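Quick caveat, the model's predicted, so the values are computed rather than measured.
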Amino acid sequence: MKRFYKLTIVAVSLFTAWNAAATQSADVLQPQIEYQQLVNQRQVVDDLLAQAVEIQKSPARVSDAGFTAKLPSNMERIADILLTAHKLEPYRIDFVLGAANAYIYNGNVDKAIDLYQQALEIAPDDVKTNMYLASWYRYKNDEANSQKYLQHLEKIAPEKAAILKQTFATIDKIAKAPIVDKSNTKLTNHDAIITLGYALNPDGSMHDILIQRLQKTLELAKQNPEALIIVTGGVPKNNQTEGNLMKKWLIEQGIDANRIFADNYARSTVENALYSRYTLAHHKIKHAILISSGSHVRRGQTLFELATRESGPQGITFESVAALDKPIEELQKITPKDLLGIYRDSLITIGLPMFNSGVLRD
């Protein structure tokens, strides 16, 4: 912590020197600072980003059935670091966007919108910033402001505006869909069951929530013996991954190993969708049933629909079946927290990273 405050003092001093040099003349481009100072400034920014990376990595993941994220205190620290770096490099709006997205993780949408607005003052036609503002105003049910930025986006990047409209339509459809814990759909060998992982216990054993999802998977797998099964989750704990343990559990319950594809790399719901979609494409899957906890399954289905829209298979349809982590009546109305997770991860899935600054990346 002492090291961080020392770097912050250096950073502010360097920014003051830069600002004084920049105001020497309105007509002639002046050297910002001495070369050695410039090198030191770059070193400070790089070191700040390195600190942010370390904070991002620890802890690797905290989770409940409806929301997976970094610890809020970590995200606040990352936001502070990125804003300090921005004082040194005022043209780097990626630092501002990263700080805004850290506040999104914490559920502070108003603070994030303030920061997006700051970024827009620097680059009014920045496509990503306009996409963020259109999305988060819409999340807040501020349709007037959402439309304002969406209409500007239609002028500067119509293809991105179209993708965002499709994303909103997908979110609306799934957010309103009822939660069910059974399916009467008869699956063939052109169909699939997809089960989303859940963070393992520190000793590498499966959490009760994950076992609950697998029990629902087993139920549907027995009802549909021809369907492909995809289990996805790759956050390692004690040299184990969710994908491997999920596959092993299903085999022990009598499911043919040849039916099961295990993804052992996905570290989030976004990556569950992005990585598994190629298995779906390779096997030309026509319909898939997604299994997760009731408070998480809407987010999963949204991301899979968005991900496969880009990669195929074309025409694939999805439905969700919940492993009930709450009473089914309670799950019917989506919570603001769950909806925030859907918006946040949807934007990542369509190509808007949370962090995109040098070594600090999603």
Side-chain angles (χ1 to χ4, degrees), residues 1 4-5 8 11-12 15 45 48-49 51-56 58-59 62 64 66-124 126-150 152-153 164 167-168 171 268 270 299 334-350 352-358 360-362:
M1 184 60 69
F4 171 68
Y5 284 122
T8 302
V12 173
F15 175 64
V45 171
L48 287 169
L49 293 179
Q51 288 183 57
V53 170
E54 288 305 309
I55 293 169
Q56 186 189 33
S58 180
V62 294
D64 61 42
F67 195 75
T68 302
K70 308 296 179 184
L71 285 175
S73 59
N74 281 1
M75 283 298 160
E76 290 164 0
R77 292 166 66 196
I78 289 174
D80 287 343
I81 288 172
L82 289 173
L83 292 176
T84 299
H86 176 65
K87 289 179 180 178
L88 280 166
E89 302 286 3
Y91 64 92
R92 291 289 300 274
I93 69 168
D94 56 304
F95 294 157
V96 183
L97 296 181
N101 290 335
Y103 279 106
I104 291 293
Y105 255 114
N106 280 4
N108 192 341
V109 177
D110 290 334
K111 176 64 175 178
I113 286 176
D114 287 343
L115 290 171
Y116 293 135
Q117 295 283 9
Q118 289 182 33
L120 209 64
E121 290 174 6
I122 301 169
D126 183 70
V127 171
K128 289 182 180 178
T129 308
N130 279 276
M131 292 178 77
Y132 283 129
L133 284 165
S135 301
W136 291 112
Y137 272 121
R138 192 175 192 273
Y139 166 79
K140 286 172 57 66
N141 294 315
D142 187 340
E143 194 63 27
N145 271 314
S146 177
Q147 283 298 315
K148 170 185 171 183
Y149 293 105
L150 189 57
H152 186 61
L153 197 62
L164 202 56
T167 301
F168 292 161
I171 291 172
S268 65
V270 172
R299 180 152 54 108
I334 192 168
T335 68
K337 181 179 177 181
D338 290 341
L339 187 60
L340 184 145
I342 290 173
Y343 267 86
R344 182 203 67 209
D345 284 1
S346 293
L347 293 176
I348 299 172
T349 302
I350 65 172
L352 293 179
M354 291 295 290
F355 302 112
N356 192 26
S357 302
L360 181 64
R361 297 180 183 275
D362 286 359

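Interatomic distance, CD1 of Ile104 versus CE of Met75, reported as 12.0 Å (0.5 Å rounding). Taken from NZ in Lys337 to CD1 in Ile342, the straight-line distance is 13.0 Å, to the nearest 0.5 Å. Atom-to-atom distance recorded for Gln51:CD and Ile81:CD1 is 5.0 Å, nearest 0.5 angstrom. Atoms CG and CG, from Leu340 and Asp345 in turn, are 9.5 Å apart once rounded to the nearest 0.5 Å. If you take CD on Glu89 and CG on Asp94, they are separated by 10.0 Å, rounding to the nearest 0.5 Å.
Leu48 pairs in a side-chain contact (heavy atoms from CB on, under 4.5 Å) with only one of the listed residues (Thr84, Val53, Leu360), which is Thr84. The residue from Tyr137, Tyr103, Tyr132 that alone fulfils the side-chain contact (heavy atoms from CB on, under 4.5 Å) condition with Ile113 is Tyr137.
Within the 4.5 Å cutoff, side-chain heavy atoms of Leu82 are placed close to those of Leu49. Using a 4.5 Å heavy-atom threshold, the side chains of Thr129 and Val96 count as separate. You'll find the side chain of Leu120 reaches within 4.5 Å of the side chain of Asn130, heavy atoms only. Considering only heavy atoms from C-beta on, Ile348 comes within 4.5 Å of Met354 through its side chain. Looking only at side-chain heavy atoms (C-beta outward), His86 and Ile122 come within less than 4.5 Å of each other. At least one side-chain heavy atom of Pro336 sits under 4.5 Å from a side-chain heavy atom of Tyr139. Counting only heavy atoms from C-beta outward, the side chains of Leu164 and Leu347 approach each other to under 4.5 Å.
Note on Asp126 versus Lys128: no salt bridge recorded, every NZ/NE/NH1/NH2 to OD/OE distance being 4.0 Å or above.
Residues Ile93 and Ala123 come closest through the heavy atom pair CD1-CB, 4.2 Å. Closest approach of Tyr116 to Ala100, counting heavy atoms only: CE2-CB, 3.4 Å. Here the shortest heavy-atom pairing between Ala102 and Ala79 reads CB-CB, 4.0 Å. Shortest non-hydrogen contact noted between Arg138 and Ser146 is CB-OG, 3.4 Å. The two residues Phe95 and Ser357 come nearest to each other via the heavy atoms CD2-OG, 3.5 Å.
Every residue was checked against the ring-ring contact (aromatic ring centres under 6.0 Å, His included) condition with Phe168, not counting sequence neighbours, and none meets it.
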Check the pair Gln147 / Leu150 against side-chain contact (heavy atoms from CB on, under 4.5 Å), numbers first and verdict last.
CA-CA 5 Å; Gln147 283 298 315; Leu150 189 57; 3.9 Å; yes

Assess the residue pair Gln117 and Leu133 against the criterion (side-chain contact (heavy atoms from CB on, under 4.5 Å)); give the C-alpha distance rounded to whole Å, side-chain angles, the decisive distance to 0.1 Å, and a yes or no.
CA-CA 8 Å; Gln117 295 283 9; Leu133 284 165; 4.1 Å; yes

Would you please test Leu339 and Ile171 for side-chain contact (heavy atoms from CB on, under 4.5 Å) and show each step?
CA-CA 9 Å; Leu339 187 60; Ile171 291 172; 4.1 Å; yes

Would you sort out whether Tyr105 and Asn74 count as a side chain to side chain donor-acceptor pair (under 3.5 Å), showing the intermediate values?
CA-CA 10 Å; Tyr105 255 114; Asn74 281 1; over 6 Å; no

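Judged as a salt bridge (charged side-chain N to carboxylate O under 4.0 Å, His left out), the pairs with a partner in residues 109-124 (not counting sequence neighbours) are, in order, Asp110-Lys140.
The aromatic rings of Trp136 and Tyr343 are tilted relative to each other, their planes meeting at an angle between 30° and 60°.
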